[in-house]
Amino acid sequence: MSVERGACQNEKAREEPMAIISPEDQQTLQTLFAQELQDDVTITYFTQRESVLIVPGQECSSCKETRELLEELTETSDKLHLTIKDFVRDEQEAQGLGITRIPAFILQGHTKGAVRYFGIPAGYEFSTLVEDLIDVSRGTTKLSEKTRETLATVDQDLHIQVFVTPT
């Protein structure tokens with residue numbers, strides 16, 4: 001009888017998805033966001049519809065994990081809102097926001113601009129995402145005054161990209 005009970009418990013454990021963000025980290029994020037977030041932040045996530053069929057050249061290897069991560073992250077604060085869009089169906093909106101590949105998402109809030117992410121923000125990139133959420137919520141950054149003055153002299157649009165690779 002105990003063997004059957006153990007088998008049932010193992011089956012139940014396999015059915016429940018494992019959290020990407022640990023419970024301890026979720027609690028830390030809840031506390032941090034309660035203290036640091038000022039205004040609401042909308043995260044618009046572009047992905048593809050999940051399907052059992054894989055179309056060569058159109059598969060997104062980290063779309064599901066990215067969605068799960070963003071869902072867990074937005075559950076840590078009432079000021080974080082996730083909107084999920086289909087990259088193909090919402091193609092015009094994606095193009096208008098500069099989304100050229102998936103997975104991708106945009107952070108929009110108090111700031112006049114937006115922050116775009118391509119790929120899953122895992123590892124060290126996750127802490128950058130957390131800081132960006134706070135900055136977008138506040139409409140400011142922790143840049144020094146000298147840096148702000150230098151940036152104010154830029155008189156043309158810039159396209160800055162930061163590339164990271166998983167290690």
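Values below: every heavy atom of this structure, side chains too, minus hydrogens, waters and symmetry copies.
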Item to check | Intermediate values then yes/no, side-chain hydrogen bond (donor to acceptor under 3.5 Å, both in side chains), Asp25 and Thr28 | outcome: CA-CA 5 Å; Asp25 288 342; Thr28 300; 4.8 Å; no
Item to check | side-chain contact (heavy atoms from CB on, under 4.5 Å) evaluation trace for Val41 with Lys79 | outcome: CA-CA 6 Å; Val41 176; Lys79 293 189 180 203; over 6 Å; no
Checklist entry - Does the side-chain contact (heavy atoms from CB on, under 4.5 Å) test come out yes or no for Glu75 and Ile21, once each step is laid out? => result CA-CA 11 Å; Glu75 288 172 5; Ile21 304 172; over 6 Å; no
N/O donor-acceptor pair under 3.5 Å between [X] side chain and [Y] backbone:
X	Y	value
Glu68	Ile20	no
Thr76	Glu72	no
Ser137	Asp39	yes
Asp90	Glu93	no
Thr74	Leu70	yes
Arg116	Ala104	no
Lys85	Thr44	no

Next on the checklist: Membership question, hydrophobic clusters at under 4.5 Å side-chain separation (ILVMFWY): are Leu107 and Leu143 in the same one?
Outcome noted: no
Checklist entry - Are Phe118 and Ile120 joined in one hydrophobic group, where the rule is that I, L, V, M, F, W and Y side chains link up if heavy atoms are under 4.5 Å apart? => result no
Checklist entry - Could you walk me through whether Leu80 and Asp40 pass the side-chain contact (heavy atoms from CB on, under 4.5 Å) check? => result CA-CA 6 Å; Leu80 301 177; Asp40 288 6; over 6 Å; no
Checklist entry - Does a side-chain heavy-atom distance below 4.5 Å link Tyr45 with Ile106? => result no
Checklist entry - Taking the side chain as C-beta and beyond, is there a heavy-atom pair between Leu73 and Phe126 under 4.5 Å? => result yes
Item to check | disulfide (SG to SG under 2.5 Å) contacts touching residues 61-104 (sequence neighbours left out) | outcome: Cys60-Cys63
Next on the checklist: For Ile102 versus Thr47, what's the shortest heavy-atom pair and its separation?
Outcome noted: CD1-C, 3.9 Å
Checklist outcome for this item: Sequence neighbours excluded, the answer for ring-ring contact (aromatic ring centres under 6.0 Å, His included) partners of Tyr117 is Phe105
Checklist entry - Do we see a donor-acceptor contact under 3.5 Å between the side chains of Glu91 and Gln95? => result yes
Checklist entry - Given Gln38 and Ile134, is the side-chain contact (heavy atoms from CB on, under 4.5 Å) satisfied, shown in steps? => result CA-CA 8 Å; Gln38 290 180 358; Ile134 293 168; over 6 Å; no
Checklist entry - Does the side-chain hydrogen bond (donor to acceptor under 3.5 Å, both in side chains) test come out yes or no for Thr147 and Ser144, once each step is laid out? => result CA-CA 5 Å; Thr147 301; Ser144 70; 2.9 Å; yes
